[in-house]
Amino acid sequence: MTPPAAFSFDTPGDAERAAELRRVKALATLVLASTLALFVVAKLLLNAHPVFGFIAAFAEAATIGGLADWYAVVALFKRPLGLPIPHTAIIQSNQARIADKLGEFIQVHFLEAGPVEAKLKEIDFGSFVADWLRDRKRSDDLARFALRLLPEAVSATESSGLMTFIIRRMSSQLQAIDLAPLAAGTLRGFVAEGRHQILFDDLLRVMHETLNQKETMGMIREKVRAELPTLLRLYRADKFLVNKIVASATAFFNEVRSDPKHPFRGEFDRMVLSFVDRLGTDQVYIDRIAGLKRDLLARPELADLARTVWANTRSFIERSASGETQVLQHHLAGMFVSAGDALAGDAELRDEINKGLVTVLRSFVADQKSGVSIFISDQVKAWDMAQLISLIEINIGRDLQYIRFNGSLIGGLAGLALYSVEFLLRLL
């Protein structure tokens, strides 16, 4: 159970207000005693002069009025003279009901959807976030705070088995990907942008350079020489043929490379597109690609690479969190500042943030307002009422004591008026 709340009487001005309350209380009691004494004196001198009848009537009614208002003020906080009089010590006796009604009042009048939404709409959350992030020191502090949490988050990820779960999920997702249509679509886009022609030009260039190498020409000459009759070998016809073949091939390659609309390029386009179509629809290609994917994912080197990358990442995070390196912190802080600048310059995004936060907070308050009501009620019920009453008296008791002055004055005037009417009626 929550211990009773304690109140402090050391707030500025409390000592002065308590002293003023004691002074006003003493003055109100003095007035009450004075009216009582005046009543007694007037009654004793009643036969000396008729005016003392008016004074006695005033003093009597003033005393009664002062006593009644003293009773009313005291009964609000405690039992008059400690007597167990019903309907006294009103605040203490109704602590639970006051607590429930206060919580209900807050829930109904302060936490309703309309007032809450209207108040939330007055707040520019987007600008606040933007200004906060644009402050370099705040962004540095936020980056430092985030880095301190990262090592624990990494450790929790490893120890909780979350990393194993993530790896399995990633592996299953990769296994489920159908690479053949993906590869076909990628190649189709590659062809549509004409990038395959750049590859074709590079291929022609490589073929040209390869054909003109001495080693290549020597190999071709040996092949041609082996196929020629013996008589032609004597006239070195093999060298002539090789030179003609290489010269013709080189001329053809240069012709294709220099003419973007050469028919051979069209043939290459049709060949590539045909391959792309077969890649996406031919089951043989689909099965081969799927097999390559399975073999690649099953390679132990891939798992070792993933573990190495994760270990290096964890080490880098730990070194950044310990302050050994400031690279990650600087990057994070710069990212936060850039995000703040971007947000400050994007009124539409700020408006969306404001609307989103209003919706979220409005729903949150609507869901929690009954809990707030119960919390307020429980807190009030746990208060030490003796201390609370002392606190209330210090702050508003002075004004309540003036009720006693008014009671004496109004009561005295009422008594004087009634006595005057009675006196006039006796004269008639």
Side-chain angles (χ1 to χ4, degrees), residues 7 9 11-99 101-102 380 383-428:
F7 298 93
F9 296 94
T11 55
D14 276 355
E16 292 80 359
R17 283 191 288 270
E20 179 66 12
L21 175 61
R22 288 192 296 270
R23 187 186 69 81
V24 175
K25 272 186 176 182
L27 184 59
T29 303
L30 179 62
V31 169
L32 180 60
S34 298
T35 57
L36 179 59
L38 182 61
F39 169 70
V40 172
V41 171
K43 278 291 186 180
L44 292 174
L45 298 175
L46 191 60
N47 293 328
H49 194 282
V51 72
F52 287 106
F54 289 92
I55 295 174
F58 175 85
E60 181 182 13
T63 301
I64 295 172
L67 282 171
D69 286 338
W70 166 83
Y71 176 86
V73 171
V74 173
L76 182 65
F77 299 104
K78 58 190 71 173
R79 299 191 184 280
L81 303 177
L83 300 174
I85 304 173
H87 305 294
T88 57
I90 295 173
I91 294 179
Q92 294 187 50
S93 301
N94 293 275
Q95 180 179 1
R97 188 170 65 176
I98 292 172
K101 289 299 179 182
L102 180 60
V380 175
W383 286 348
D384 185 336
M385 290 307 293
Q387 284 191 310
L388 177 61
I389 288 171
S390 297
L391 185 64
I392 294 174
E393 278 193 302
I394 285 176
N395 287 277
I396 66 172
R398 180 175 178 272
D399 295 323
L400 292 176
Q401 292 302 315
Y402 277 101
I403 294 177
R404 297 172 62 186
F405 292 120
N406 296 334
S408 297
L409 178 60
I410 294 172
L413 293 175
L416 181 61
L418 291 174
Y419 183 80
S420 298
V421 171
E422 180 187 357
F423 182 80
L424 290 174
L425 289 175
R426 284 201 304 265
L427 295 178
L428 294 177

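Note that the numbering runs from 1 along the sequence shown for the chain.
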Asks: Do other residues, nucleotides or ligands put more than 12 heavy atoms under 6.0 Å from Arg426 CZ?
Replies: yes
Asks: Using every non-hydrogen atom in the two residues, find where Arg404 and Asp69 come nearest and quote the distance to one decimal.
Replies: CA-CB, 4.0 Å
Asks: Can you see which heavy atom on Thr35 is nearest to which on Ala62, and at what distance?
Replies: CG2-CB, 3.8 Å
Asks: If you measure from OG on Ser408 to CD1 on Ile64, what distance do you get to the nearest 0.5 Å?
Replies: 11.0 Å
Asks: Of all the heavy-atom pairs spanning Leu45 and Phe52, show the shortest one and how long it is.
Replies: O-CD1, 3.2 Å
Asks: Atom CD in Glu422, atom CG in Leu427: separation rounded to 0.5 Å?
Replies: 11.0 Å
Asks: In terms of heavy-atom contacts, does CG of Asp399 have more than 12 from other residues, nucleotides or ligands at under 6.0 Å?
Replies: yes
Asks: Are any of the side-chain heavy atoms of Asn406 and Leu409 separated by less than 4.5 Å?
Replies: no
Asks: Do Ser34 and Leu38 come close enough that some side-chain heavy atom pair is under 4.5 Å?
Replies: no
Asks: To the nearest 0.5 Å, what is the distance between CZ on Phe39 and CG on Leu44?
Replies: 9.5 Å
Asks: Please tell me if the side chains of Glu20 and Arg23 come closer than 4.5 Å, counting only heavy atoms from C-beta onward.
Replies: yes
Asks: Walk me through it: do Val421 and Leu424 pass the test side-chain contact (heavy atoms from CB on, under 4.5 Å)?
Replies: CA-CA 5 Å; Val421 171; Leu424 290 174; 5.8 Å; no
Asks: Between Phe405 and Tyr402, how do the two ring planes meet: parallel, tilted or perpendicular, split at 30° and 60°?
Replies: tilted
Asks: Of all the heavy-atom pairs spanning Ala61 and Gly411, show the shortest one and how long it is.
Replies: CB-O, 2.8 Å
